[in-house]
Protein chains: 2
Amino acid sequence: MKEGGFISDLRQKIIQSALLLFEKQGFHGVTVNQIVEDVGTSKGGFYHHFTSKDELLFVIHDTFITYVLEKAIIAKETYQSPTKKLQGIVKDFVKVFDLYKPHISVFYQENIYLKPQYEILIKKKRDQFKQMVKQAIIEGKKAKEFREDLPVEITTMAILGMVNWTYKWYQQSGLKTIEEIGDIFVDLILHAVLQPETISSKRYEEVLIEKPFFTI
Amino acid sequence: MKEGGFISDLRQKIIQSALLLFEKQGFHGVTVNQIVEDVGTSKGGFYHHFTSKDELLFVIHDTFITYVLEKAIIAKETYQSPTKKLQGIVKDFVKVFDLYKPHISVFYQENIYLKPQYEILIKKKRDQFKQMVKQAIIEGKKAKEFREDLPVEITTMAILGMVNWTYKWYQQSGLKTIEEIGDIFVDLILHAVLQPETISSKRYEEVLIEKPFFTI
DNA sequence: TAAAACAGACCAACCAGTCGGTCTTAAGTA
DNA sequence: TACTTAAGACCGACTGGTTGGTCTGTTTTA
């Protein structure tokens, strides 16, 4: 508590252990006893910090989605053009996979086990995030940066799906770094949504934060 | 047994009920008792047809992945050019969401609960499917239909992610039909992977099965 | 010294799977 | 056709193990 800050905080230790256990074995594949044993504490310690196993699951969900949402808001406010906004949101989000992979796995894998009262709270924030991607696409069409025939809703879900799915296969020990993966995703997305003229001309350099790999 | 065929087969009824229950509440959120009650049978009936609850989960997984794999093999053999192959595989796969949505949900949601001996069998088929998409991309690059700078592995996962994620949001009652969604996905994917020249010229008409919506 | 933090034995509920028994079906027999 | 019979299909009370959560303490902190 004194030194080390939250590192020695039992609550955070429990979350950390639970996170890794839930990721590999699922919420129902891990018992409270396993968690407390892994942490090196007791049932008493656990229930002093959490009212239930379900609340622990909620805390994990909430920590993650809150963080992601804040990042997205910053990206949205930082950049002006829709292209840059979309690029920023995607790149920041992909980066999160490095630090928060267990969170993300639990977030997408165990969300059906959230109790209704918690589910409502999480859904709200999750929808907010989705809305930011959607908004970027709408603005991109309006600004004539993106193709006008782009179906907003499906394109949004396609982008989210492509990025979210990363939790199923990404490994830190893999061949590509998370930065590289993020660049490739942005590249694929921009090729899919930008006006063809923008791509074939050199005009995309004006609308991008940085050159994607395909311009090399 | 006489008329109606497998529709009155208890085994199929159990799978059907379990499917819908697992989809909404998860494998561990549904008890064997709930399943047999839903079907209108008994524990005895259940364990006459399945050795365990785990085996039921495996059967659901296997039915689905076997079907998808067969479809992909047909698409691969039907079309010649890589573009058409990729287009065919994706379109067929997206169509599956209409008939097999519960299967898919269970397949991606509950796969971590598969017992090791079953997991091995499923992983084998799943990898085969992934390999077919990957192969189409490799061939597309070789044939100069796709961009040469395309990273094969990540692009494969991006496409799979985009399509797979559909199980999280697709609803039959939604605004777009599954056919439309499939077309949009193909459109986005092709814009992302095809040579820019092919898109800006009219040459894509030669390489496509049918005109995507954006040519209108 | 009191409140917060933690320990761990204990419990009630639940649940996958079992097992002895009954019912249905259809082939065999005369 | 009527009767026999055996195997497959199905029933449901029961069980042994497990699990989330409780409660009464003990230790640590401020």
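Please read all numbers here as calculations on a predicted model, not as lab measurements. Every heavy atom of this structure was used, including side-chain atoms; hydrogens, water molecules and symmetry mates were not.
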Phosphate oxygens OP1/OP2 of [N]: is one of them under 4.0 Å from a side-chain N or O of [X]?
X	N	answer
B/H49	D/dG8	no
A/H48	C/dC6	no
A/S52	D/dG20	no

Practice task
Give the ring-plane orientation class for B/H28 versus B/Y113, where under 30° counts as parallel, over 60° as perpendicular and anything between as tilted.
Solution key: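 Correct class here is perpendicular.
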Practice task
Supply the atom-to-atom distance A/L56 CG to A/I35 CD1, rounded to the nearest 0.5 angstrom.
Solution key: 5.5 Å
Problem - Residue whose nearest DNA chain D nucleotide is more 5′ - A/G44 or A/V30 - result: A/V30
Rounded distance in Å - [atom1] ([X]) to [atom2] ([N]):
X	N	atom1	atom2	answer
A/Y113	D/dG20	OH	P	13 Å
B/K43	C/dT18	NZ	C1'	9 Å
A/D54	D/dG21	CG	P	6 Å
B/E37	D/dG12	CD	P	12 Å
B/F46	C/dC19	CZ	C1'	17 Å
B/D9	D/dC10	CG	P	8 Å
B/Q34	C/dC14	CD	P	12 Å
A/L57	D/dG21	CG	C1'	17 Å

Exercise for the section: Quick one: label A/K53 by what it contacts on the DNA or RNA (base, sugar-phosphate, nothing), any heavy atom closer than 4.0 Å. Expected result: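 Answer is sugar-phosphate: A/K53 comes under 4.0 Å of backbone atoms only.
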Exercise for the section: Identify whether any heavy atom of B/V39 sits under 4.0 Å from a base atom; if not, whether one sits that close to sugar-phosphate; answer base, sugar-phosphate or nothing. Expected result: nothing
Handout entry: Residue B/S42, side-chain heavy atoms: nucleotide from C/dA7, D/dC11, D/dT22 that is nearest
Key =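 My answer, after comparing the listed nucleotides, is D/dC11.
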Problem - A/F27 six-ring centre to A/K53 NZ/CZ under 6.0 Å and within 45° of normal - result: yes
Practice task
Step through the shown structure and confirm whether more than 12 heavy atoms of other residues, nucleotides or ligands are within 6.0 Å of NZ on A/K71.
Solution key: no
Exercise for the section: For atom CD of A/Q34, decide whether the heavy atoms of other residues, nucleotides or ligands shown that lie under 6.0 angstrom number more than 12. Expected result: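 Yes, the 6.0 Å shell around CD holds more than 12 heavy atoms from other groups.
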